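Taking it in order: structure first as structure tokens, then the write-up.
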Amino acid sequence: MKNKIIIGNMKMNMLYPDIMKYIDKLKDKKLNNVIICPTSIYIPYFLNNNINVGIQDIYMKDNGAYTGDISAVQASSIGVKYAIIGHSERRFYHNEKDKLINLKIKQAIKNNIIPILCIGENIEEQENVKVVLKKQLDNCLKNIDRDVIIAYEPRWAIGTNIVPSNNYIKDIILYIKEELKYKNKILYGGSINIENINTINKIKELDGFLVGNVSTKAEEFLNIIEVVVNQ
Ligand code: PGA
């Protein structure tokens, strides 16, 4: 059994009272390898309860007139240790490109935040998946001289309840490992739930998981964590 990482990406979900109940259910559990990425305004509540926290995005500047954005310096100053960067929803809704993602990764590293870089192909790119992923890796990790966490998330598997076969995931993970200079941890993300985690968790090349929607449901998320930690 290796020390797998489990990231919960809560996205733009949950209201304050739900967050309080959620934290109550999690706060006394052993969550050493779990990183919760709530909507940014809720981050301090998690930190105050000693839960590892990541931020869902950072801006690529330190500070200034950038209304609505949050910098890595700021996140780091309240104790955030991880940042999701380049999530496919940011690429899609905010038109984020690899070049910007590369700047954000550098900004995170400069501020002692561990980047969680998301990469993945969309449905049309499936035939050329390896070419697509190589380009994303080369561009996003350009001039970055250390390992970062990689989350492989096929875009067609995010929020769709469709997951690739174990063979598909394994093949891609081995390919990504081959392409990287460092011994990065590589996670899988996309429609993970309590029904499929036992199967996906059998892929021994994986270093963990990024769980989206289901991470907002405390009991189900705790069940997933248990499967991953104990198997
Ligand atoms: P999902 O999201 O688990 O809801 O598919 C995954 C993600 O946030 O990337």
Side-chain angles (χ1 to χ4, degrees), residues 4-14 18-19 22 26 33-40 42-43 46 51-58 80 82-98 101 104-105 108 114-123 125-126 129 132-133 136-137 140 148-166 168-169 172-173 176 184-201 203 206-228:
K4 291 190 185 158
I5 303 176
I6 304 146
I7 297 173
N9 174 19
M10 301 176 105
K11 315 190 184 205
M12 196 180 70
N13 289 308
M14 300 177 81
D18 308 322
I19 289 285
Y22 183 94
L26 260 74
N33 297 333
V34 178
I35 302 155
I36 312 260
C37 305
T39 307
S40 299
Y42 302 134
I43 286 177
F46 285 84
I51 297 173
N52 295 322
V53 166
I55 190 162
Q56 294 177 13
D57 178 48
I58 48 157
V80 171
Y82 299 86
I84 297 177
I85 300 183
H87 191 277
S88 72
E89 286 150 16
R90 300 240 19 126
R91 292 178 192 251
F92 185 75
Y93 294 111
H94 299 270
N95 203 21
E96 290 197 4
K97 301 278 187 265
D98 290 347
I101 292 164
K104 290 186 173 190
I105 293 175
I114 298 173
I116 303 155
L117 166 65
C118 298
I119 58 168
E121 79 286 9
N122 61 34
I123 195 85
E125 292 167 331
Q126 223 177 348
V129 53
V132 170
L133 295 179
Q136 289 179 8
L137 286 171
C140 296
V148 307
I149 299 172
I150 308 280
Y152 167 58
E153 304 201 289
R155 295 185 206 171
W156 46 274
I158 297 179
T160 55
N161 258 335
I162 302 169
V163 289
S165 69
N166 277 17
Y168 188 94
I169 299 174
I172 300 291
I173 299 302
I176 295 172
N184 304 49
K185 284 198 181 296
I186 307 184
L187 321 181
Y188 167 79
S191 291
I192 291 172
N193 59 37
I194 193 62
E195 278 84 44
N196 59 33
I197 188 63
N198 277 291
T199 304
I200 307 179
N201 194 40
I203 306 171
L206 278 175
D207 300 299
F209 299 93
L210 193 156
V211 183
N213 288 319
V214 176
S215 71
T216 61
K217 300 174 185 154
E219 283 84 9
E220 286 180 48
F221 190 45
L222 286 169
N223 282 336
I224 289 176
I225 294 168
E226 205 178 294
V227 170
V228 176

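As the structure is a prediction and not an experimental result, all values here were calculated from the model. Whatever order the structure lists ligands and atoms in, that order sets their numbers, starting from 1.
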*Atoms of ligand 1 close to Gly212 [distance to a heavy atom under 4.0 angstrom, numbered from 1]*: 1 (P), 2 (O), 3 (O), 4 (O), 6 (C), 8 (O)

*At a 4.0 Å threshold, what atoms of ligand 1 neighbour a non-hydrogen atom of Asn213?*
1 (P), 3 (O), 4 (O)

*Can you find a pair of side-chain heavy atoms, one from Arg90 and one from Ile84, that are under 4.5 Å apart?*
no

*Hey, is ligand 1 close enough to Gly159 that some N/O pair sits below 3.5 Å?*
yes

*Could you list the atoms of ligand 1 found under 4.0 angstrom from a heavy atom of Leu210?*
7 (C), 8 (O), 9 (O)

*asked:* Using a 4.0 Å cutoff against the non-hydrogen atoms of Lys11, which atoms of ligand 1 qualify?
replied: 2 (O), 4 (O), 6 (C), 7 (C), 8 (O)

*Under 4.5 Å between any side-chain heavy atoms of Ile101 and Glu96, yes or no?*
yes

_Which of the ligand 1 atoms, numbered from 1, are nearer than 4.0 Å to a heavy atom of Gly190_ = 5 (O)

*Judging by distance only, is a nitrogen or oxygen of Thr160 under 3.5 angstrom from one on ligand 1?*
no

_Passing option when Thr216 is tested against Asn13, Asp18, Val211, Ile19 for side-chain contact (heavy atoms from CB on, under 4.5 Å)_ = Asn13

_For Asp98, all residues meeting salt bridge (charged side-chain N to carboxylate O under 4.0 Å, His left out), sequence neighbours excluded_ = Arg91

*From Ile119 CD1 over to Ile176 CD1, what is the distance, rounded to the nearest 0.5 angstrom?*
4.0 Å

*asked:* Counting only heavy atoms closer than 4.0 Å, does ligand 1 sit against the backbone of Ile158, its side chain, both, or neither?
replied: both

*Report yes or no: does a heavy atom of Ser191 sit under 4.0 Å from some atom of ligand 1?*
yes

*For the residue pair Ile172 and Pro154, establish whether any side-chain heavy-atom pair is separated by less than 4.5 Å.*
no

_Whether the side chain of Ser215 engages the backbone of Phe221 through a donor-acceptor N/O pair (distance < 3.5 Å, no angle test) should be reported._
no

*Any salt bridge (Lys or Arg N to Asp or Glu O under 4.0 Å) pairs touching residues 206-224, not counting sequence neighbours?*
Lys2-Asp207, Lys25-Glu219, Lys177-Asp207

*What is the nearest protein non-hydrogen atom to atom 9 (O) of ligand 1, stated with its residue, atom name and distance?*
Glu153 OE2, 2.5 Å

*asked:* Is Glu89 close enough to touch ligand 1? Criterion: a residue heavy atom under 4.0 Å from a ligand atom.
replied: no

